[in-house]
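Here is the structure we will look at.
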Amino acid sequence: MNLKDLAQALDIKCEYDLEITSLNTLIDSNKNEISFLENKKYINDLEKTNAGAVFVKAEYASKVPKNTIALICEEPYLNLAKASKFFAAKIVEIDGKKPIIGEETIIQENVFIGKNTVIGDSCTIMAGSFIGDNVKIGSNTVIYPNVTIYRDCEIGSDCIIHAGTVIGSDGFGFANTKDGKYIKIYQNGNVIIGDDVEIGANCAIDRAAFKSTIIENGVRIDNLVHIGHNCKLGKGTILTGQVGLSGSTVLKEYVIMGGQSGTAGHLEVAAFTTIAARGGVTKSITTPKMSWAGFPLMEHKTWLKLQGRIAKLLK
Amino acid sequence: MNLKDLAQALDIKCEYDLEITSLNTLIDSNKNEISFLENKKYINDLEKTNAGAVFVKAEYASKVPKNTIALICEEPYLNLAKASKFFAAKIVEIDGKKPIIGEETIIQENVFIGKNTVIGDSCTIMAGSFIGDNVKIGSNTVIYPNVTIYRDCEIGSDCIIHAGTVIGSDGFGFANTKDGKYIKIYQNGNVIIGDDVEIGANCAIDRAAFKSTIIENGVRIDNLVHIGHNCKLGKGTILTGQVGLSGSTVLKEYVIMGGQSGTAGHLEVAAFTTIAARGGVTKSITTPKMSWAGFPLMEHKTWLKLQGRIAKLLK
Amino acid sequence: MNLKDLAQALDIKCEYDLEITSLNTLIDSNKNEISFLENKKYINDLEKTNAGAVFVKAEYASKVPKNTIALICEEPYLNLAKASKFFAAKIVEIDGKKPIIGEETIIQENVFIGKNTVIGDSCTIMAGSFIGDNVKIGSNTVIYPNVTIYRDCEIGSDCIIHAGTVIGSDGFGFANTKDGKYIKIYQNGNVIIGDDVEIGANCAIDRAAFKSTIIENGVRIDNLVHIGHNCKLGKGTILTGQVGLSGSTVLKEYVIMGGQSGTAGHLEVAAFTTIAARGGVTKSITTPKMSWAGFPLMEHKTWLKLQGRIAKLLK
């Protein structure tokens, strides 16, 4: 989409001709992408951005790099939300190629497979599952019944996805207007799942707002787990039942999270970290191989000590 | 159903002829409805009821208003449960009109649409979804794959319901018999969802026991959220991942609930309240625009202070 | 499978001819089953086992009973995992008998029913549901839309299973290799559900690793509940919304668990126990009819007292 047309649609002044292909964060944007600065704590990212254009308030316009076009507006995040709709894919592809199905792959009845989708060899896709448009699935993967895989998602080889699980639903993102409406940020990214991943029943893994929610090789996920948009799960991560990850959580390799534990968003957990059941992670954990518990989170041994001290209160 | 026949079926004495159309609470009943008094804390409601008849213990019979018939019994709630079955709709309608589908609405394959159902214009109903009998859906609404909408539910325009979500499942209600059986209270109400509502993946929203579970305009619900029967979510409410609302929770407009937070039932939360992640609401919140956290719940700033005090215990 | 062939496949020395039919725990194994000892705290079980063979480290070989063959290896649990694959049923049966459907049973469209499956009289199986191979369902049971029942599971009469619920998904079990891979323990058991059981929407109930996950008569389960493999729920148990049970939890009859409560695995809860909302059970509860709360769990009255003491910290 041409930047001039986009700006006009949003009622922002802009006379530059530039082909815009998508939206992205300040850090990751390239010269054909638009980004935004809403929160001034990301001002350093603004100064370093390679974005073609950014939505920005007038007061920060001077910080916009030379090669980036400043789209001056009062509500940058709201404009990003409005812009996101222009880059949203169709909900359902009408045109496109018939899916390609590998050899010895079993597709049961009542399965929907979208346009341009490619499924490898020796897979089993069970009844009632939905494989959206433009999906890629490797070889030897089992999709149990009533699974939903939204468009554009990728799943590796030797994976097992249990019944009822949803992969690629929209992340939870919207901007507020001054009169109390929520404007959807269209989630134009996808989910990419590596090889040898097993995901339990009735989980929900959201697609990224921009780019990808990533689940690396060898991950194990139990039932009823919620993974927000733009999370990244390192190799060998283990999430047990009813874990919830807020958006943009990064778990490095071999992190283990106990039942009903959770994370606040936009944080990183070091490799080989263990979070006990019900643990609530609200800040990044930078030292690997430690065990944590509680909410607020503390070292597991501290939590045990604390329980002793709390028990004393009762005497 | 005639009251005399109903009473006879329940082995309760009653000689009055009265057409009964449904069951309801003491407060909301009209003269063709039956209600009940089990817990004496609702005795004031009994005195004010407009119900045609009430199940009531002998000791409270004198409190039944003049125009209301007292159905004297030892176990009023149990009798209500037994009565509820007589007012339950069929699980599957055999007769009824073919559904009416609006213009430019896309219905993918493997979709079930029930009798008497009306779907508006420009909707997208994706594969594997179930739209029960007597459902109404507005215009421009997207139902992602494998969604289930039970009979009699209503969904507005411009809504998005993500994959695997269930709307209108039975609320969790039953009465105990003395010998340890649970008698189902048939959930004869429905769910009514307003316009511009987005609901994430694999949520469960129960239908009302009587009347409606209500989700007003502009609400945003994340993944794996549980909403019990007879809840009412005000305009612009935001529920993040894995929130759980017990039955008859009322959230006024623009309440925000953080991840994995919850409410006990039969309470009300004032407008513009914020509940932090994991907060557990067990009493009504009457002052609007405040922030709360913890379980038991306390003001968010108190909770932060408390964490400081608890940390001191470790020294 | 012949033991010699199995041992050879695992690169373990064994010259005995013995027909092995399945894997099992030390306590429950019979002479045609294999078991294992990984954790020395089960050494007493090893001494009493009736298993035909056990995977065991060299240091414990002397404790293996006379009639049991010791399969000496360095990583018994890992070998069990590798062995489990040989006893796994096919994901999809190709051969087998057509299902038998009882009289007056309604099967809506888009329902998949597997080979050898038997469904009783007067059931309702709604659209989009998946009933796997070799499943048994009693009479008068309602399966709402988009439910998935995996192969080999059994459901009684007069049950109600709400939409989106998954019964019989694989338990969360795997063994670690030294180089950081997880080897799946194939979940070769099933789920057995008694009569008069109601299960809410979008629950996940895992099949057993060996033998059965058991849900007895009269159980009531709310929405979004997670039940791990090999759990056993006694008669009349009540689980409210978002409860999570780790594997091998045993709840005796009439246990009640409040919303978002949970259990660690391999423990037992005495009859008529009440766990308050958010309660976290980490040890067995042996005295019946008591009320508990908190995490760590304590008597409910103690928990209330503790909240008073904690409140004092703020003064």
Side-chain angles (χ1 to χ4, degrees), chain A residues 91-92 94 109-114 127-130 132 146-150 164-172 174 176 180-182 184 202-206 224-228 242-247 260-265 278 280 282 295-296 298 302 305-306 308-310 312-313, chain B residues 106 108-111 124-129 142 144-148 158 160 162-165 196-204 217-225 235-236 238-243 253-254 258-260 272 276-278 293-295 303-304 307 310-315:
Chain A
I91 296 168
V92 174
I94 303 303
E109 52 195 81
N110 305 328
V111 168
F112 179 96
I113 302 180
S129 282
F130 174 94
N146 291 320
V147 165
T148 299
I149 300 172
Y150 279 59
T165 279
V166 174
I167 293 169
S169 42
D170 284 350
F172 199 56
F174 42 83
N176 299 6
K181 284 200 176 167
Y182 303 130
K184 182 176 177 71
N202 280 338
C203 293
I205 302 177
D206 282 348
L224 291 164
V225 168
H226 161 63
I227 298 179
Q242 298 176 318
V243 163
L245 303 185
S246 296
Q260 300 181 336
S261 63
T263 65
R278 294 273 176 87
T282 54
F295 181 64
M298 57 193 81
T302 308
K305 192 174 157 190
L306 179 61
R309 299 291 166 92
I310 285 176
K312 276 190 189 165
L313 291 179
Chain B
I106 297 170
Q108 286 190 323
E109 52 195 80
N110 304 329
V111 169
T124 306
I125 314 290
M126 295 181 73
S129 282
V142 180
Y144 276 97
N146 290 321
V147 165
T148 299
D158 301 306
I160 301 173
H162 282 284
T165 279
D196 181 31
V197 170
E198 182 162 356
I199 301 175
N202 280 339
C203 293
N217 295 346
V219 169
R220 295 290 181 271
I221 298 174
D222 202 351
N223 299 330
L224 291 165
V225 168
K235 181 185 163 188
I238 296 175
L239 304 184
T240 53
Q242 297 177 317
V243 163
E253 66 267 26
Y254 294 104
Q260 300 182 335
F272 295 95
R278 294 274 177 86
F295 182 63
W303 186 83
L304 291 170
Q307 301 317 318
I310 286 176
K312 276 190 188 164
L313 290 179
L314 286 162
K315 281 172 190 165

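Residue numbering restarts at 1 for every chain, and letters A, B, ... go by the order of the sequence lines.
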Task: Residue selection (most heavy-atom pairs with chain A, distance under 4.5 Å) from N110(B), V142(B), I106(B), N202(B) - done: N202(B)
Task: Residue among Q260(B), Q307(B), M126(B), K235(B) with most heavy-atom pairs under 4.5 Å to chain A - done: Q260(B)
TODO: Would you please name every residue forming a salt bridge (Lys or Arg N to Asp or Glu O under 4.0 Å) with E253(B), sequence neighbours left out?
DONE: none
Task: Atom group of T282(A) that falls short of 4.5 Å from chain B, counting heavy atoms - done: neither
Open item on the list: Please rank I238(B), D196(B), T240(B) by heavy-atom pairs under 4.5 Å with chain A and give me the top one.
Closed with: I238(B)
- [ ] Please flag which part of K312(B) lies under 4.5 Å from any non-hydrogen atom of chain A: side chain, backbone, both or neither.
- [x] neither
TODO: Would you mind checking which part of L224(B) comes under 4.5 Å of any heavy atom in chain A, side chain (CB onward), backbone (N, CA, C, O), both or neither?
DONE: side chain
Task: Separation between CD1 of I221(B) and CZ of F172(A), rounded to the nearest 0.5 Å - done: 8.0 Å
Task: Among the listed options G200(B), P145(B), A127(B), the residue most often paired with chain A at heavy-atom distances under 4.5 Å - done: P145(B)
TODO: Side chain from CB out, backbone as N, CA, C, O: work out which of these in V166(A) comes under 4.5 Å of a heavy atom of chain B, or both, or neither.
DONE: both
Task: 4.5 Å side-chain heavy-atom contact, L313(B) and L313(A) - done: yes
Open item on the list: Counting C-beta onward and ignoring hydrogens, is there a side-chain heavy-atom pair between E198(B) and D170(A) closer than 4.5 Å?
Closed with: yes
Task: side-chain contact (heavy atoms from CB on, under 4.5 Å) partners for S261(A), two or more places apart - done: V243(A), M257(A), I275(A)
Task: Portion of S169(A) that has a non-hydrogen atom of chain B nearer than 4.5 angstrom - done: both
Task: Atom group of L245(A) that falls short of 4.5 Å from chain B, counting heavy atoms - done: neither
TODO: Determine whether R309(A) and I310(B) make a side-chain contact, defined as any pair of heavy atoms from C-beta on separated by less than 4.5 Å.
DONE: no
- [ ] Assess the pair Y144(B) and F130(A): is the distance between their ring centroids shorter than 6.0 Å?
- [x] no
Task: L239(B) portion near chain A, given a 4.5 angstrom heavy-atom threshold - done: backbone
TODO: Quick one: which of A311(B), G259(B), G294(B), A201(B) has the most heavy-atom pairs under 4.5 Å with chain A, could you say?
DONE: A201(B)
Open item on the list: Nearest 0.5 Å, please: how far is CG in D206(A) from NE2 in H162(B)?
Closed with: 7.5 Å
TODO: Determine, for Y182(A) and R220(B), whether the Lys NZ or Arg CZ falls below 6.0 Å from the six-membered ring centre while staying within 45 degrees of the axis.
DONE: no
Open item on the list: Donor-acceptor check, side chain of N146(B) to backbone of G128(A), threshold 3.5 angstrom: yes or no?
Closed with: yes
Open item on the list: Using a 4.5 angstrom heavy-atom cutoff, name the option from G218(B), G164(B), G236(B) with the most pairs to chain A.
Closed with: G236(B)
Open item on the list: A side-chain contact here means heavy atoms from C-beta on lying under 4.5 Å apart; do K184(A) and I160(B) qualify?
Closed with: yes
